[in-house]
Amino acid sequence: MPAAAISHSAPSLRHPGASNPARLHSTRPGHVLTRDGVALFVRDWHDGNPAADVVLFAASWALPSDAWSGQMQALHAAGMRCIAYDRRGHGYDFDTLADDLADVIDALGLRRVTLVGHSMAAGEIVRYLSRHGAGRVAGIVLVGCTTPCVPRSEDNPDGIDPALLAQAAAELADDFPLWVENNLAPFGGGLCSAPRLEWVRAMALQTSLQALLGCNHASTHADFRAELPAIKVPALLVHGDNDASCPLALTAERTAALLPDARLAVYAGAPHGLPFTHAQRLGADILAFVRELG
């Protein structure tokens, strides 16, 4: 679904070392405590092999970590360590969300991790690299990205009319279940089974409205054009040429052109919901990319 985020994280927990980044990760099993004391639920699938390739998944707006379960299962079966986490329920600017990603990476002691993000999560990955560097990152995969800049402006004349973005935000606030109903069909593009779309609907309807609106605002006002040229790690962009939420020419093509080391894989006839509509193909492409990184 188009740009914003979900709140499936655990309730905020206070840790005595939360103000000290070196001491902020002690919390209950299955969670990472951020530097400002928010507990994030983390899925960490691994077989204990310290040499395994590591892939960390960040979900689309309005969806939790479980949205990546198809790709996680495929890569885990191939011997990789697969991690995904649920976003926080408040504090929706990209700096905060990128810092959460940094906290998860730090807490789990990850090295040479491949970061995979769908939709809005592409912005979190870019901002993470801008704020925290690429020292722990082997490469990135951006799926159906919202980067580099969504809204129309004088220097972005092909962007989306800000009035339309504001109208969409108002519709979200007024009747999110209706919004989901109206957007499921283009999200799946006729390439998703009815039960799978119902699963997407069920996950989305668990989202905090506060999180939906906050992350929608962050994503529709962000501009990553100045950050992308400084990202030197290898990047794979995967996008559908029938993406109604994030049109290919506005997003992935421009992002790929700004990244120094990027290649773009375009799925013919594919919509925005690639982790669901092209689950196996996407998993295979991510797997091949991670193996190429070595």
Side-chain angles (χ1 to χ4, degrees), residues 5-10 13 21 24-35 38-61 63-88 96-129 131-143 203 233-236 238 274-276 279 282-294:
I6 190 161
S7 168
H8 282 278
S9 57
L13 298 180
L24 53 74
H25 299 307
S26 177
T27 185
R28 65 179 184 245
H31 296 75
V32 163
L33 193 65
T34 68
R35 63 199 63 202
V38 177
L40 304 177
F41 172 71
V42 178
R43 304 172 188 273
D44 187 353
W45 298 1
H46 64 91
D47 296 325
N49 177 9
D53 291 314
V54 183
V55 185
L56 194 161
F57 294 86
S60 167
W61 174 81
L63 296 177
S65 55
D66 198 40
W68 281 114
S69 58
Q71 291 73 38
M72 290 179 68
Q73 177 60 36
L75 271 63
H76 180 253
M80 297 184 181
R81 180 180 179 184
C82 296
I83 301 161
Y85 66 98
D86 291 346
R87 287 188 183 92
R88 63 171 55 218
T96 300
L97 296 172
D99 289 350
D100 286 350
L101 175 54
D103 287 340
V104 172
I105 291 171
D106 292 348
L108 300 180
L110 305 182
R111 296 287 190 278
R112 287 197 55 78
V113 60
T114 300
L115 303 178
V116 181
H118 180 213
S119 193
M120 171 188 175
E124 290 167 86
I125 290 172
V126 171
R127 185 59 52 83
Y128 165 82
L129 292 167
R131 285 174 68 81
H132 299 276
R136 295 174 180 259
V137 178
I140 61 175
V141 181
L142 308 181
V143 181
M203 287 190 288
V233 298
L236 170 65
V238 183
L274 297 179
F276 305 96
L282 179 59
D285 284 346
I286 296 171
L287 177 63
F289 178 73
V290 174
R291 285 181 168 163
E292 285 177 16
L293 295 174

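Annotation for A138 and T114: closest pair CB-OG1, 4.4 Å, computed over non-hydrogen atoms. Nearest heavy-atom pair, G117 versus I125, reported as atom, atom and distance to 0.1 Å: N-CD1, 3.4 Å. For S119 against S60, the heavy-atom pair with the smallest separation is CB-OG, 3.6 Å. The heavy-atom pair separating D106 from R136 by the smallest distance is OD1-NE, 3.3 Å.
The closest donor-acceptor contact from the side chain of Q71 to the backbone of L282 lies at 3.5 Å or more, if one exists at all. Panel note: side chain D44, backbone I83; no donor-acceptor pair is recorded below 3.5 Å.
Side-chain contact between D100 and L40 is present, with at least one heavy-atom pair separated by less than 4.5 Å. Side chains of L110 and R81 form a contact here, defined as non-hydrogen atoms less than 4.5 Å apart. Contact annotation: the side chain of F289 never approaches that of V238 to less than 4.5 Å [non-hydrogen atoms, C-beta and beyond].
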Let's go through V54 and H46 carefully: what are the C-alpha distance in whole Å and the side-chain angles of both, what is the deciding distance for side-chain contact (heavy atoms from CB on, under 4.5 Å) to 0.1 Å, and is it a yes or a no? CA-CA 9 Å; V54 183; H46 64 91; over 6 Å; no
Evaluate the criterion side-chain contact (heavy atoms from CB on, under 4.5 Å) for residue pair Q73 and W45; output intermediate values, then yes/no. CA-CA 9 Å; Q73 177 60 36; W45 298 1; 3.9 Å; yes
Stepwise side-chain contact (heavy atoms from CB on, under 4.5 Å) test for Y128 and V104: CA-CA 11 Å; Y128 165 82; V104 172; over 6 Å; no
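One finds the CG atom of L101 at 12.5 Å from the OG1 atom of T34 (value rounded to the nearest 0.5 Å). With values rounded to the nearest 0.5 angstrom, R43 atom CZ is found 12.5 Å from C82 atom SG. Rounding to the nearest 0.5 Å gives a distance of 8.5 Å between CE of M72 and CG of L56. Atom-to-atom distance recorded for L97:CG and R127:CZ is 10.0 Å, nearest 0.5 angstrom. Here D86 contributes atom CG and D66 contributes atom CG; the two are 8.5 Å apart, rounded to the nearest 0.5 Å. Atom NE2 of H132 and atom CG of D103 lie 7.5 Å apart (nearest 0.5 Å).
Each of V113, V116, V141, L287 was compared with V55 under the side chain to side chain contact (heavy atoms under 4.5 Å, CB included) criterion, and only V116 meets it.
Ring planes of F41 and H31: perpendicular class, angle over 60° (limits at 30 and 60°).
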